[in-house]
Amino acid sequence: KNGTSTSNTILDAMEWVFQHQKVYNISIVCMSFGADYTSKLDPLSMGADALWKKGLVVVSAAGNSGPSPNTIKSPGISPNIITVGALDCKTNSVAEFSSRGPTPYGTKPDLLAPATEVISCNNGYLPYTSMSGTSVAAPIVAGICADLKSKNKNLTNNQIKKILINNCKKTSGDVNSEGYGYISF
């Protein structure tokens with residue numbers, strides 16, 4: 001109701017997806033949330049890794065704690081999953097608020113996607129609203145992953161990640177701010 005949850009609730013949801021992947025033909029998981037981590041043994045990161053190792057495409061928001069380094073949120077610290085930072089659409093550069101790496105595992109985010117003043121559905125009186133943050137950037141990338149998967153259902157999560165990375169354009173060149181750059185298809 002308030003846009004918050006506990007790590008245990010999120011881990012329960014990850015476990016449900018893990019157990020029901022085949023029953024419901026789940027292939028992509030988008031995690032537009034983040035939490036501080038305390039070590040490499042972070043439970044949210046480990047849960048995301050388990051989903052990735054099972055073959056799911058896992059996309060996570062990097063977080064909105066920039067511009068300082070070492071601010072990527074969990075589960076985005078996972079070395080395997082696709083971690084999405086924020087592209088400022090007006091300047092075509094890393095948004096000031098976008099979390100930055102490195103993480104305990106190395107360089108992150110993997111790439112950037114539009115994250116400033118993104119128009120989306122609204123649950124209030126007006127049909128649309130404008131939002132900013134990596135939580136709106138991650139679903140854009142998850143949607144691209146779904147489109148790729150619809151064109152070739154045999155693509156693996158690693159192949160999809162490679163396709164995304166190969167279709168990025170650099171902005172500043174700082175890998176811990178932008179990864180491989182912004183997604184550009």
Side-chain angles (χ1 to χ4, degrees), residues 27-37 42 44-45 47-49 51-53 55-120 130-152 155-185:
S27 60
I28 299 165
V29 176
C30 183
M31 299 184 183
S32 284
F33 57 82
D36 292 332
Y37 62 89
D42 174 76
L44 294 177
S45 176
D49 276 341
L51 293 173
W52 186 271
K53 289 174 184 166
L56 288 124
V57 176
V58 181
V59 180
S60 175
N64 303 322
S65 300
S68 298
N70 305 306
T71 53
I72 301 287
K73 299 296 184 184
S74 180
I77 63 166
S78 163
N80 299 311
I81 69 172
I82 301 164
T83 304
V84 183
L87 175 71
D88 184 322
C89 301
K90 288 184 180 175
T91 63
N92 242 20
S93 63
V94 181
E96 185 76 10
F97 61 80
S98 188
S99 290
R100 274 108 162 131
T103 72
Y105 297 103
T107 303
K108 282 285 182 170
D110 295 300
L111 52 89
L112 305 175
T116 55
E117 300 177 28
V118 175
I119 304 298
S120 186
S130 174
M131 297 181 282
S132 296
T134 58
S135 288
V136 296
I140 291 170
V141 173
I144 294 168
C145 294
D147 190 42
L148 290 169
K149 198 79 167 156
S150 74
K151 290 178 177 21
N152 183 349
L155 285 173
T156 67
N157 52 9
N158 287 310
Q159 290 170 324
I160 287 174
K161 185 174 181 179
K162 186 174 182 178
I163 290 168
L164 295 175
I165 287 168
N166 288 339
N167 284 282
C168 285
K169 292 185 179 178
K170 287 286 198 182
T171 63
S172 68
D174 176 6
V175 295
N176 281 304
S177 294
E178 69 178 47
Y180 289 93
Y182 65 90
I183 197 75
S184 177
F185 274 91

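Under the 4.5 Å side-chain criterion, counting only non-hydrogen atoms from C-beta, Glu117 is not in contact with Cys89. Contact check for Cys145 versus Val59: side-chain heavy atoms found under the 4.5 Å cut-off. Residues Trp52 and Asn158 have side chains in contact (heavy-atom distance under 4.5 Å, counting atoms from C-beta outward). Between Pro75 and Phe33 there is a side-chain heavy-atom pair separated by less than 4.5 Å. Looking at heavy atoms from C-beta onward, Ile163 lies in side-chain contact with Leu155 at the 4.5 angstrom threshold. Side-chain contact between Leu87 and Thr116: absent, with no pair of heavy atoms (C-beta onward) separated by less than 4.5 Å.
A distance of 4.0 Å separates CD1 in Ile77 from OG in Ser45, rounded to the nearest 0.5 Å. Between Ser99 atom OG and Asn70 atom CG the span is 10.5 Å, to the nearest 0.5 Å. Annotation: the span from Asp36 atom CG to Ser74 atom OG amounts to 9.5 Å, rounded to 0.5 Å. Interatomic distance, CD1 of Ile81 versus CE of Met31, reported as 6.5 Å (0.5 Å rounding).
For the pair Lys108 (side chain) and Ser78 (backbone), a donor-acceptor distance under 3.5 Å is present.
The residue from Thr83, Leu164, Ile183 that alone fulfils the side-chain contact (heavy atoms from CB on, under 4.5 Å) condition with Asp110 is Thr83.
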Working for side chain to side chain contact (heavy atoms under 4.5 Å, CB included), residues Leu111 and Val84: CA-CA 5 Å; Leu111 52 89; Val84 183; 4.2 Å; yes

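Heavy atoms of other residues, nucleotides or ligands lying less than 6.0 angstrom from NZ of Lys170 number more than 12.
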